[in-house]
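First up is the structure itself, then whatever we jot down about it.
Note that the structure is predicted; figures quoted are calculated from it, not measured.
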Amino acid sequence: MDIIKKIDAEISAPKKTKKPIHLTLTKKEDGSYRSLLPFKIESGEYILNSSSIKDKAVVLEYEDGVIRIELDSEEEQINAFLSKDENAILKAIKGVISNDNFCHEPSFIVGPPGTGKTKVITKILEKTVENNLRVLVVSPTNKAVENVFERIDLEALDLILGDVVVSITTDHKDIQQLSPENLKLKKLQPIEDEIQILEETKQDALKQKRDYQPKLRSLELEQESNHTALSNIKRDIEAKKHTLKSVKSILSDLDFRIKVLTGNEMLRSVASAIMGRKLTELDSEKKAEELRKKEVEKEILTLDQKALETESTTSTTKKSVDTVMKEFGELNKLIQMIDKQLQELKKKREQLKKNDVFATAKIVGATLFGAALNQKIQQGNFDIVIVDEVSMAILPLLITASQALNDRQIDFACANDSSLYDAQNKAVALALKSKFVLVGDPKQLQPIAKTWDLKQSVFSFYGIEEMFKGNAVKNTVLLDINFRNHPHITSLSSKLFYGGMLKSGKEDSATKSLYIRKSTSKMVHSNGSFINHGNMKIVVEQVTKALERGRRSIGIITPYKKQAALIDEALSPLKKEYPDADIQAGTVHVFQGKEAEIIIYDLTFSPSEKSDYIPPAYDGDIASDTAKLLNVAMTRAESFFIVVGDVEGILNLKNRGLVLKDWVFEINELK
């Protein structure tokens, strides 16, 4: 396939580049780098380049004005540049392509507009979940991925948090909840709650410790004072007891002296008067010592009582100190336990932040760019890869998508589902016995690229359009019943673009669905594009009439952005007057994958009598991009399709083989 050569040719093709935007990325607690961005970007649209990124350019994740990226770096801040250079994106894709071919041969589900291809995809997903298979769903556009996942009933499939991951840019709130960031946040939230509760409990415990410290110090001082007082009292008691002992000894001596004197007959006979005075003196001393003895004994009793009271106070204080110390110790144990638990929780939190949500998901959704440049998706080891809107996918992206597949064989019977018609059941069965399923329509818009090689769709590469010529094409199922469009629209689309192979699933209401509003107004150049004021006025008139008749879903398609802008501005008063109406004007690329009750197609082009010039948008045959543009435009209409323009001028064109002329002719012929 020489896919590298195709990429190199595209890289070398001339194209406009935009000046890079300088950013400063700041490292966050989870290890990712983030920066505010003043404008919205699409996933895969911008590439980050920096001297700190040595391997290759990487794609950013964007949400709510903040860009986020995972980088293996120790730097707190990184200077980087955002680039919208297509070459950078292609080089990044080139860097991840490991081989030149699809890892598995693709199968094709050809789903023209309104034939239920999204229903088939969701049914495939149901079957993969039932059989414990892992599937990756990708598409060139965020909108196509969103369309698939907004139809998945997670509860009905018994899928839990993390089973479905959708990495796209979307305003759909339910799908936003399935983003890798939100899923990680949901898994982290219970841990964050527990961490918060424990940290607050720890702070309360630390505060209690702080509050206990002055109380404990006061009790310790009181205890110390009581010990000192008791010690002093005991010392005083010992001193008093020593004094009492001394008094008793003096009394004993006095008693002995008195006894000796009173027992001395000789002294009593010869010196009775003097001995009487001496005995009186000794008796006086004895009485004084006895009085002193009583006083000391009383003091000892008082000190003993004081000692008992002090011991009681000391005991009470000690119990208070022991209680506070016990509570203090329990707080320390609590804090240690909390610290240990916090450490484990924070470790678990970091592990969860690093966990690869894509590795365990049963269903993953992403854009092709996002999947190609996301290493975790590339290493996802999926059982099935489904690519929707594959007509718009460039081959290198499809090759990278196929590399996300494993080599496990799928082998199980798939019973028919009564909610699907025959072709849809065949499509589901084909997908489930295949591994690489490409879903889309060869008659829809092709990839946007500069070189022919990369403009070539995978349908063209495999010759899938041969089926519309009645030729058999292997590994391909055509969804052949259109449920969206009015039968007349389906019939014309089938006749011109699908070899008559499409059938209508709608009952013919016998109302006309295809209209022409003729105009002879000439288109004029406008800054590299074209506008047509006369056509614009007719379009506004048609929208006004539709609104007055109660229609509220109206799309206006034109090949030229300037004409779409002109019409959109002219419709502003009507949009304000009918705020409940969904009115949109744009090019066909804006409307691919969408539908409206009424589609008004403004040709804008009006042939000139003096020139045979045909704009590139219309200069093509049934196999050209022009045919795809007209088919997409017409099949956006559910009920009514109105063509505005110089129909007569187009029918009078002398050029043969113009699909535009055949298309206008067929519509004009319908009555």
Side-chain angles (χ1 to χ4, degrees), residues 3 42-45 59 61 89-90 92-93 96-98 102-111 117-118 120-125 128-129 133-152 163-170 172 175 178-180 356-359 361-406 427 431-432 434-441 444-448 454 457-459 461 592-593:
I3 200 65
E42 296 291 329
S43 284
E45 184 180 12
V59 175
E61 297 172 4
I89 295 175
L90 287 169
I93 295 169
V96 298
I97 292 178
S98 60
F102 297 124
C103 293
H104 291 270
E105 184 178 6
S107 61
F108 293 88
I109 298 174
V110 177
K117 66 181 181 64
T118 303
V120 168
I121 293 173
T122 56
K123 188 60 66 174
I124 294 169
L125 297 181
T128 59
V129 170
L133 300 176
R134 298 183 64 246
V135 59
L136 170 65
V137 181
V138 291
S139 174
T141 67
N142 288 293
K143 184 64 179 176
V145 180
E146 180 184 292
N147 287 341
V148 171
F149 282 89
E150 68 181 353
R151 299 191 190 187
I152 298 176
D163 281 348
V164 180
V165 181
V166 186
S167 181
I168 62 172
T169 300
T170 176
H172 196 293
I175 296 177
L178 300 174
S179 70
D356 181 4
V357 293
F358 298 104
K362 294 180 179 179
I363 305 174
V364 172
T367 62
L368 267 171
F369 269 125
L373 299 177
N374 187 319
Q375 191 175 17
K376 292 177 180 177
I377 294 179
Q378 282 291 300
Q379 297 172 351
N381 199 31
F382 294 97
D383 295 295
I384 297 177
V385 171
I386 300 172
V387 185
D388 193 15
E389 298 289 0
V390 74
S391 66
M392 298 178 66
I394 61 173
L395 288 170
L397 286 176
L398 294 177
I399 289 174
T400 58
S402 75
Q403 292 180 114
L405 287 163
N406 58 38
L432 292 175
S434 176
K435 292 185 73 67
F436 192 40
V437 187
L438 306 184
V439 185
D441 181 3
Q444 301 287 295
L445 302 178
Q446 292 193 150
I448 298 174
L454 284 194
S457 77
V458 69
F459 287 118
F461 187 84
Q592 178 145 336

Does some side-chain heavy atom of [Y] sit less than 4.5 Å from a side-chain heavy atom of [X]?
| X | Y | value |
| --- | --- | --- |
| V437 | V385 | no |
| V110 | F459 | yes |
| V135 | F382 | no |
| T169 | T367 | no |
| F436 | V387 | yes |
| S167 | F358 | yes |

Test item: [X] side-chain N/O and [Y] main-chain N/O as donor-acceptor pair under 3.5 Å:
| X | Y | value |
| --- | --- | --- |
| S139 | D388 | yes |
| R134 | G380 | yes |
| S434 | A431 | no |
| T122 | T118 | yes |
| H104 | I384 | no |
| K376 | D356 | no |
| Q379 | A404 | no |
| N406 | N381 | yes |

What heavy-atom pair brings [X] and [Y] nearest, and what distance separates the two atoms?
| X | Y | result |
| --- | --- | --- |
| L454 | P396 | CD2-CD, 3.5 Å |
| T170 | H172 | OG1-N, 2.9 Å |
| S391 | P447 | O-CD, 3.0 Å |
| V164 | V166 | CG1-CG2, 4.1 Å |
| I109 | V120 | CD1-CG1, 4.1 Å |

I'd like to know whether K117 forms a salt bridge (Lys or Arg N to Asp or Glu O under 4.0 Å) with E389, so could you lay out the CA-CA distance, the side-chain angles of the two residues, the decisive distance to 0.1 Å, and finally the verdict. CA-CA 10 Å; K117 66 181 181 64; E389 298 289 0; 3.5 Å; yes
Check step by step if side-chain contact (heavy atoms from CB on, under 4.5 Å) holds for T128 and K362. CA-CA 8 Å; T128 59; K362 294 180 179 179; over 6 Å; no
Under the criterion side-chain contact (heavy atoms from CB on, under 4.5 Å), I'd like the reasoning laid out for V439 against I121: C-alpha separation, chi angles, the key distance, then a yes or no. CA-CA 9 Å; V439 185; I121 293 173; 4.1 Å; yes
Under-4.0 Å salt bridge between R151 and E146: no
Run the side-chain contact (heavy atoms from CB on, under 4.5 Å) check on D441 and V390 step by step: do they pass? CA-CA 8 Å; D441 181 3; V390 74; over 6 Å; no
